[in-house]
Amino acid sequence: MKTDFLAEETFVALVYNGISYVVMMVTPQNLDLFAIGFSLSEGIIRSYIDILSIDIIFNVYGVEIQINISSRCFEEFKIKRRGMLGRTGCGICGVEQLDQVINSNIKPLPFSQKINLKHIDLAIKKLNKHQPIGIVTNCTHVALWINGIGELICGYEDIGRHVALDKVLGYMSKTESKSGAILISSRASYEIVQKSAMCCVEILFALSAATALAVSLAEKYNITLVGFSKPGCYTIYSNPQRLIIQ
């Protein structure tokens with residue numbers, strides 16, 4: 001008989017200045033980084049410094065993250081407050097009009113980054129080192145940040161691929177340099193590309209495929225989007241000029 005290990009999944013409510021915004025299903029590690037990354041990638045704040053404090057409260061129902069944001073951001077939050085977008089596979093929940101789905105305020109990114117594909121080859125080989133829960137449960141996704149010289153800066157996992165990405169974006173927001181690329185162990189759907197664009201990520205690698213809408217948004221935002229990533233083999237969907245091939 002073999003023991004089976006299960007990944008933990010819990011309800012996490014995000015509350016801004018006392019106003020509840022959304023409840024997410026999250027693997028309950030690195031919740032402070034998730035709160036920061038989510039706030040940035042959803043456009044609730046503009047910068048990490050717009051967060052004045054984060055309090056994480058565990059209760060019998062799950063976790064409540066109380067985020068205190070600047071008065072400027074809170075005023076904008078109250079004006080444009082809406083229901084949370086559903087993720088791929090569960091519909092678009094809480095959105096009244098189709099033009100609310102895609103963020104029209106994101107500006108095209110500059111072409112300021114490049115990365116050598118040999119660095120991504122090495123990062124893929126080290127993927128499991130940043131996925132300890134996934135190794136024993138086969139139940140999580142992981143997102144990695146590789147800087148411009150190939151150093152693997154951080155990696156975070158979660159049951160939700162977009163939550164894993166938010167955790168990495170949260171970490172990146174607290175650093176001065178944001179060069180390099182992000183690698184995710186999943187498909188690249190529209191919300192992955194849109195979150196990346198919101199946080200000025202110019203280069204995005206996915207282990208699986210990209211959707212047609214993801215590619216369209218990557219072209220719109222000037223993101224270099226690569227799918228089916230494996231050492232020595234990549235499918236480049238958009239803006240290949242940022243990639244160095246040796």
Side-chain angles (χ1 to χ4, degrees), residues 14 16 21-22 24 26 30 32-51 54 65 67 69-70 72-74 76-77 79-88 92-95 99-113 141 143-145 153-154 156 158 160-184 186-206 210-211 213-226 237-239 242:
L14 294 165
Y16 294 90
Y21 181 64
V22 69
M24 304 285 287
V26 176
N30 308 111
D32 56 336
L33 295 180
F34 165 60
I36 297 167
F38 179 90
S39 301
L40 285 165
S41 65
E42 293 294 320
I44 295 169
I45 61 173
R46 301 177 188 176
S47 167
Y48 165 66
I49 63 174
D50 288 322
I51 293 182
I54 297 176
I65 306 180
I67 308 162
I69 59 178
S70 67
R72 177 197 64 186
C73 290
F74 186 54
E76 294 176 355
F77 169 81
I79 292 172
K80 65 181 181 182
R81 183 174 175 238
R82 57 169 172 76
M84 176 60 191
L85 284 181
R87 298 303 172 191
T88 298
I92 306 299
C93 310
V95 177
D99 60 6
Q100 292 178 298
V101 176
I102 303 301
N103 190 328
S104 59
N105 296 319
I106 302 176
K107 296 180 180 179
L109 299 176
F111 287 86
S112 64
Q113 307 291 329
H141 289 293
L144 305 181
W145 174 30
I153 303 301
C154 71
Y156 296 101
D158 201 275
R161 63 192 184 280
H162 49 87
V163 178
L165 175 61
D166 278 332
K167 291 176 180 180
V168 170
L169 296 175
Y171 182 94
M172 292 177 68
S173 73
K174 302 170 70 172
T175 65
E176 292 184 5
S177 174
K178 297 176 176 58
S179 65
I182 282 183
L183 168 66
I184 58 171
S186 67
R187 69 184 183 274
S189 47
Y190 89 91
E191 77 272 18
I192 296 293
V193 172
Q194 187 159 268
K195 281 177 173 288
S196 298
M198 283 291 293
C199 295
C200 300
V201 173
E202 296 184 29
I203 308 172
L204 179 63
F205 290 84
T211 67
L213 181 55
V215 174
S216 177
L217 290 180
E219 292 172 343
K220 177 180 179 180
Y221 301 143
N222 289 345
I223 288 178
T224 296
L225 179 60
V226 183
Y237 295 108
S238 60
N239 299 303
R242 291 193 181 94

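Here the structure is a predicted model, which is why all the values come from computation and not from measurement. In what follows, residues are counted from 1 in the order of the sequence shown.
Applying the side-chain contact (heavy atoms from CB on, under 4.5 Å) test to Cys200 and every residue at least two apart in sequence or in another chain returns Leu109. Residues passing the salt bridge (charged side-chain N to carboxylate O under 4.0 Å, His left out) test with Asp50, sequence neighbours excluded: Arg72. Residues passing the side-chain contact (heavy atoms from CB on, under 4.5 Å) test with Tyr48 are Ile36, Ser173, Lys174, sequence neighbours excluded. Under the rule for a side chain to side chain donor-acceptor pair (under 3.5 Å), the partners of Tyr16 that lie at least two apart in sequence or sit in another chain are Ser39. Residues satisfying the side-chain contact (heavy atoms from CB on, under 4.5 Å) criterion with Ala206, sequence neighbours excluded, are Ile184, Ala188. When the side chain to side chain donor-acceptor pair (under 3.5 Å) test is applied to Ser41, the partners found at least two apart in sequence or on another chain are Asp166, Lys195. Contacts of Ser177 classified as side-chain contact (heavy atoms from CB on, under 4.5 Å), with partners at least two apart in sequence or in another chain: Ser179. For Phe205, the ring pair (Phe, Tyr, Trp, His ring centres under 6.0 Å) partners two or more places apart in sequence, or in a different chain, are Tyr234. In terms of the salt bridge (charged side-chain N to carboxylate O under 4.0 Å, His left out) criterion, Glu219 has no residue partners (sequence neighbours excluded).
Rounding to the nearest 0.5 Å places CD1 of Ile182 at 5.5 Å from OG of Ser196. Atoms CZ and CD1, on Phe38 and Ile45 in that order, are 11.0 Å from each other to the nearest 0.5 Å. Gln113 contributes atom CD, which lies 12.0 Å from atom CD1 of Ile223 (distance to the nearest 0.5 angstrom). With rounding to the nearest 0.5 Å, the separation of CD in Gln194 from NE2 in His162 is 13.0 Å. Between Asn239 atom CG and Leu225 atom CG the span is 9.5 Å, to the nearest 0.5 Å. Taking OH of Tyr156 as the start and CG of Asn30 as the end, the distance is 5.5 Å to the nearest 0.5 Å.
Using the six-membered ring where Trp is involved, Phe74 and Phe77 have ring planes that are parallel, under 30° apart on the 30 and 60° scheme.
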Check the pair Val22 / Met24 against side chain to side chain contact (heavy atoms under 4.5 Å, CB included), numbers first and verdict last.
-> CA-CA 6 Å; Val22 69; Met24 304 285 287; 4.1 Å; yes
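With contacts defined as side-chain heavy-atom distances shorter than 4.5 Å, the pair Ile192/Leu165 qualifies. Ile44 is listed as a side-chain neighbour of Ile69, based on a closest heavy-atom distance under 4.5 Å. The shortest side-chain heavy-atom distance between Glu191 and Arg161 falls under the 4.5 Å cut-off. Between Tyr221 and Pro108 there is no side-chain heavy-atom pair separated by less than 4.5 Å. Side-chain contact between Thr175 and Ile153: absent, with no pair of heavy atoms (C-beta onward) separated by less than 4.5 Å. Taking 4.5 Å as the limit, some side-chain heavy atom of Arg242 sits within range of a side-chain heavy atom of Asn222.
With Phe34 as the fixed residue, the side-chain contact (heavy atoms from CB on, under 4.5 Å) test singles out one of Leu14, Asp158, Val168: Leu14.
Counting all heavy atoms, side chain and backbone alike, Ile67 lies closest to Ala35 at CD1-CB, 3.9 Å. Residue Gly160 comes nearest to His141 through the heavy atom pair C-CD2, 4.5 Å, listed as atom of the first residue, atom of the second, then distance. When all heavy atoms are compared, the tightest approach of Ser189 to Thr211 is CA-OG1, 3.8 Å.
A salt bridge does not link Lys178 with Glu202: every distance from a Lys NZ or Arg NE/NH1/NH2 to an Asp or Glu carboxylate oxygen is 4.0 Å or more.
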